[in-house]
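The structure appears below as structure tokens.
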Amino acid sequence: MLFKILIVSDEVDDFQREITIDADATFLDLNQALLKACGYKDDQVTSFYICDENWEQREQIMREDLTDAADQDVYLMSESHLRDFLNDVGDRLVFEFDPLGGRMLFIKVKDIITGKNLKTPKVTLSHGKAPAQTKDNGLSLNSIKSDEDLLDSDDTFYGSEGFNDDEFDPDSFEISDQ
């Protein structure tokens, strides 16, 4: 049995991917197919969420077990098969591809093809450019000021006014070897 799934984004209107994948494939197989179809690097901690018809997230299928709770069911991508979670046309998932930004792709089972098998997933539709894998939040190493820049600026820091070098008494600091 094959699943034909449609992938869309709420960030890029004309983005669509369609992947045909075997029902016996794991979520890790789907993860790899999605990353490849979108041109993403495999350097993020991605997750799938099984959703209801209103896109409310239910079970999480994680790449790695990052939980501390022993009483909580943990589904891992490498151990979870699509057929165990997807049953009908219209079943929904979200794929969290940027965990720090909380950004996701929306996945819907478009068709189920019985009586056929597929060894590797196939991209059967590729339209538009995928959203950037990670969003620039404005922080970069280039945006961080060095100590020299901070000291050379005209900013006044708390306690920096009225300090004289001759007021510093190094003997007032006692350091013991105990």
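Source: prediction; values computed, not measured.
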Can you tell if the side chain of [X] reaches within under 4.5 Å of the side chain of [Y], non-hydrogen atoms only?
{"X": "Phe106", "Y": "Cys51", "answer": "no"}
{"X": "Ile50", "Y": "Ile61", "answer": "yes"}
{"X": "Leu82", "Y": "Asp29", "answer": "no"}
{"X": "Phe15", "Y": "Leu105", "answer": "yes"}

Minimal non-hydrogen separation, [X] against [Y], with atom names:
{"X": "Met104", "Y": "Phe97", "answer": "C-CE2, 3.5 Å"}
{"X": "Thr26", "Y": "Met77", "answer": "CB-O, 3.3 Å"}
{"X": "Met1", "Y": "Phe3", "answer": "CE-CZ, 4.1 Å"}
{"X": "Leu34", "Y": "Ile7", "answer": "CD2-CG1, 3.6 Å"}
{"X": "Val8", "Y": "Gln16", "answer": "CG1-CG, 4.0 Å"}
{"X": "Asp22", "Y": "Lys116", "answer": "OD2-O, 4.3 Å"}

Identify whether [X] and [Y] are in the same connected component of the hydrophobic contact network (ILVMFWY, side-chain heavy atoms under 4.5 Å).
{"X": "Val89", "Y": "Ile19", "answer": "yes"}
{"X": "Ile107", "Y": "Val123", "answer": "yes"}
{"X": "Ile112", "Y": "Phe85", "answer": "yes"}

List the atom pairs, with distances to 0.1 Å, where a side-chain N or O of residues 40-48 and a protein N or O form a donor-acceptor pair under 3.5 Å, not counting sequence neighbours.
residue : atom : partner : partner atom : Å
Tyr40   : OH   : Pro131  : O            : 2.6
Asp42   : OD1  : Arg63   : NH1          : 2.7
Asp42   : OD1  : Arg63   : NH2          : 3.3
Asp42   : OD2  : Gln32   : NE2          : 3.4
Asp42   : OD2  : Arg63   : NH2          : 3.1
Thr46   : OG1  : Asn31   : OD1          : 2.7
Ser47   : OG   : Gln60   : NE2          : 3.1

Under-4.0 Å salt bridge between Arg83 and Asp24: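 Looking at Asp24 together with Arg83, the answer is yes, because their closest N to O distance falls below 4.0 Å.
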Note: Asp98-Arg103 ion pair, threshold 4.0 Å (strictly below):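 Arg103 and Asp98: salt-bridged.
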Exam field: side chain Asp84 to backbone Ser80, donor-acceptor pair closer than 3.5 Å: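 Not at all, since once roles are kept as given, no pair shorter than 3.5 Å links the two residues.
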From Glu18, Lys110, Arg17, residue fulfilling side chain to side chain donor-acceptor pair (under 3.5 Å) relative to Thr124: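 The residue from Glu18, Lys110, Arg17 that satisfies side chain to side chain donor-acceptor pair (under 3.5 Å) with Thr124 turns out to be Glu18.
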Test of ring centre spacing under 6.0 Å for Phe27 and Tyr75: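 Between Tyr75 and Phe27, which both carry aromatic rings, the centre distance is not below 6.0 Å.
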Can you tell me how far [atom2] of [Y] sits from [atom1] of [X], rounded to the nearest 0.5 angstrom?
{"X": "Lys4", "Y": "Lys122", "atom1": "NZ", "atom2": "NZ", "result": "11.5 Å"}
{"X": "Leu125", "Y": "Thr20", "atom1": "CG", "atom2": "OG1", "result": "10.0 Å"}
{"X": "Leu28", "Y": "Leu76", "atom1": "CG", "atom2": "CG", "result": "10.0 Å"}
{"X": "Leu93", "Y": "Glu59", "atom1": "CG", "atom2": "CD", "result": "10.5 Å"}

Atom CG of Asp52 with >12 non-hydrogen neighbours under 6.0 angstrom: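 Counting neighbours around CG of Asp52, more than 12 heavy atoms of other residues, nucleotides or ligands fall under 6.0 Å, so yes.
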Members besides Leu118 in its Ile/Leu/Val/Met/Phe/Trp/Tyr cluster (side-chain heavy atoms under 4.5 Å):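 Grouped by the 4.5 Å side-chain rule, Leu2, Ile113 form the rest of the cluster around Leu118.
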